[in-house]
Asks: 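Dropping the structure in here first, questions after.
Values in this document were obtained by computation on a predicted structure and should not be read as measured data.
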There are 2 protein chains.
Amino acid sequence: MIPLYILGLLMRFGPQHGYRIKKLMEEQLEDFTQIKLPTVYYHLEKMEAAGLITAQRDKQGERTEKTVYLVSNGGIDKFKELLQQTLQIQYRPTFDIDGTLYFSDSLDRGALTDSLSRHVSSLKKTLDELELHRNATMVHIPEDCKISANIIFEHHILHYQAELTWAEQAWKLLKEDEAYGKS
Amino acid sequence: MIPLYILGLLMRFGPQHGYRIKKLMEEQLEDFTQIKLPTVYYHLEKMEAAGLITAQRDKQGERTEKTVYLVSNGGIDKFKELLQQTLQIQYRPTFDIDGTLYFSDSLDRGALTDSLSRHVSSLKKTLDELELHRNATMVHIPEDCKISANIIFEHHILHYQAELTWAEQAWKLLKEDEAYGKS
DNA sequence: ATAATAATAGTCAGTACTGACTAAAGTGAA
DNA sequence: TTCACTTTAGTCAGTACTGACTATTATTAT
């Protein structure tokens with residue numbers, strides 16, 4: 001997905017340094033990618049080698065020069081190809097916490113329910129923040145992207161809510177089982 | 001997470017070949033990890049080097065010998081440590097399809113809604129299969145793990161349902177916008 | 001018995017990712 | 001104006017992962 005993001009951002013916001021691309025990702029895509037800066041540079045180099053983007057040394061006065069990247073014609077084609085391609089992707093999540101649960105018989109039952117209730121509070125907090133963040137972010141989003149940006153926020157909110165529902169339900173089941181196991 | 005899974009499975013089902021560990025993962029953990037066989041071997045080697053497990057050459061008769069791994073004392077400690085550690089993990093999903101959506105102004109609107117309705121059907125199918133799979137898998141799960149196994153299945157089901165709700169809602173919004181845009 | 005196919009048990013080289021680091025330019029406060 | 005702190009702009013070495021491959025043993029169909 002990262003080359004798609006890079007190409008898309010370069011096309012939407014014009015030529016940028018690697019660092020600015022990363023900043024744009026945070027500003028624009030923060031809630032749906034958590035890529036790190038060195039990874040951006042890694043892909044920029046690969047993409048330049050593949051002829052998708054062109055590097056230009058950006059020297060102003062006496063400053064040490066920096067590298068600005070811009071999309072080439074091949075990059076535009078690749079962008080469309082990637083966009084088509086990613087439409088095919090399947091939803092198939094994995095949840096790290098499931099591993100812990102599967103082996104939870106090795107774990108003190110109290111630690112597990114405690115952890116789940118921390119999870120519940122954390123999710124509630126995140127949901128609140130997400131609402132705030134939606135408002136804050138929307139300001140930076142170009143007008144014609146607002147519909148999709150909203151759909152993306154909805155996406156996250158629905159999944160956080162699902163996670164919350166699940167965590168509360170799981171907590172309850174484990175508590176009941178605990179009570180039953182003791183009797 | 002993988003070392004946790006490997007240690008847990010070796011403790012629960014006794015010493016195994018790398019290949020069998022992978023099979024157990026499919027049987028027991030299929031719906032919450034999608035690790036590949038070479039990755040299992042990679043971790044087995046690392047874990048042996050770290051003294052968490054011990055390799056034993058398993059030679060029966062004239063056959064070429066194979067390697068069986070068993071958990072060492074250090075491994076038991078590490079398992080408990082990892083279990084504690086993974087209790088802290090935060091839920092923070094990313095969805096590849098969001099990238100496509102964010103750049104969907106470069107995309108034919110019909111292609112997008114088509115893709116979303118394919119997504120909807122695919123999710124419905126997956127939800128049905130998940131129900132079937134739950135029944136099929138439960139047979140292989142040790143009695144004392146059934147509660148947690150069920151909670152794990154619920155986890156997946158709730159998120160698939162959330163994804164379904166979202167996809168249907170997104171499809172509707174885009175269709176409405178399309179109609180509005182035309183008028 | 002035997003040829004074909006599937007399951008078992010790996011190896012290895014190449015790709016992807018990132019923590020920890022460097023270093024310059026800007027900023028603000030005393 | 002200079003010291004401390006933040007932001008910008010990157011590099012590099014090491015870790016994690018896996019596609020594509022090999023090779024042996026089991027099963028099944030003929």
Asks: Closest-nucleotide mapping onto DNA chain C: is B/Lys23 or B/Glu45 further toward the 5' terminus? I mean the 5' end.
Replies: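 Counting from the 5' end, the first nearest nucleotide belongs to B/Lys23.
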Asks: Using a 4.0 Å heavy-atom cut-off across all strands, classify A/Ile2 as base, sugar-phosphate, or nothing.
Replies: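 Answer is sugar-phosphate: A/Ile2 comes under 4.0 Å of backbone atoms only.
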Asks: Are A/Tyr42 and C/dC17 close enough that a side-chain N or O sits under 4.0 Å from OP1 or OP2?
Replies: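 For C/dC17, OP1/OP2 do not have a side-chain N/O of A/Tyr42 under 4.0 Å.
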Asks: Round to the nearest Å and state the distance from A/His17 atom NE2 to C/dG26 atom C1'.
Replies: 15 Å
Asks: Can you measure A/Arg20 atom CZ to D/dT8 atom P for me and round it to whole angstrom units?
Replies: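 Computing the A/Arg20:CZ to D/dT8:P distance gives 7 Å.
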Asks: Check for me whether the distance between the ring centres of A/His43 and A/Tyr5 falls short of 6.0 Å.
Replies: no
Asks: Does a side-chain N or O from B/Tyr19 land closer than 4.0 Å to OP1 or OP2 of C/dT8, or not?
Replies: yes
Asks: B/Tyr69 OH to C/dA9 P: how many Å, rounded?
Replies: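 It is 13 Å, rounded to the nearest whole Å.
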Asks: Measuring from B/Lys175:NZ to B/Leu173:CG, what's the distance to the nearest 0.5 Å?
Replies: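 The NZ atom of B/Lys175 sits 13.0 Å away from the CG atom of B/Leu173.
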Asks: Could you give the CD-to-P distance, from B/Glu26 to C/dA9, as a whole number of Å?
Replies: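 After rounding, the gap between these two atoms is 13 Å.
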Asks: Whole Å only: how far is the OH atom of A/Tyr5 from the C1' atom of C/dA16?
Replies: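 Going from OH in A/Tyr5 over to C1' in C/dA16 covers 16 Å.
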Asks: Checking contacts here: which listed nucleotide (C/dG10, D/dT11, C/dC12) is nearest the side-chain heavy atoms of B/Tyr41?
Replies: C/dG10
Asks: Starting at atom CD of B/Glu27, determine the distance to atom C1' of C/dA7, rounded to an integer number of angstrom.
Replies: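 Result: 14 Å.
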Asks: How many Å lie between CD1 on A/Ile6 and C1' on C/dC17, as a whole number?
Replies: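 Interatomic distance, CD1 of A/Ile6 to C1' of C/dC17: 13 Å.
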Asks: Is the Lys NZ or Arg CZ of B/Arg12 less than 6.0 Å from the centre of A/Tyr102's six-membered ring, within 45° of the axis?
Replies: yes
Asks: Of all the nucleotides listed (C/dT15, D/dT11, C/dG10), which has the minimum atom distance to the side chain of B/Lys66?
Replies: C/dG10
Asks: Does A/His43 put a side-chain nitrogen or oxygen below 4.0 Å from OP1 or OP2 of C/dT15?
Replies: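 No, because none of the side-chain N or O atoms of A/His43 sits under 4.0 Å from OP1 or OP2 of C/dT15.
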Asks: Closer than 4.0 Å, any side-chain N/O of A/Lys46 to the OP1 or OP2 of C/dA16?
Replies: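 So the side chain of A/Lys46 is within the cut-off, an N or O lying under 4.0 Å from OP1 or OP2 of C/dA16.
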Asks: Whole-Å distance between C/dA9 P and B/Gln16 CD?
Replies: 10 Å
Asks: Give, for atom CD1 of A/Ile97 and atom CZ of B/Phe32, the distance between the pair rounded to the nearest 0.5 Å.
Replies: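 It is 11.5 Å, given to the nearest 0.5 Å.
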Asks: Is B/Thr39 near enough to D/dA16 that one of its side-chain N or O atoms lies under 4.0 angstrom from OP1 or OP2?
Replies: no
Asks: Using OP1 and OP2 only, check whether a side-chain N or O of B/Thr67 sits under 4.0 Å from C/dG10.
Replies: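 Yes, B/Thr67 has a side-chain N/O under 4.0 Å of OP1/OP2 on C/dG10.
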Asks: Run the numbers on A/Thr94 and B/Gln34 for side chain to side chain donor-acceptor pair (under 3.5 Å), then give the verdict.
Replies: CA-CA 8 Å; A/Thr94 60; B/Gln34 277 109 53; 5.4 Å; no
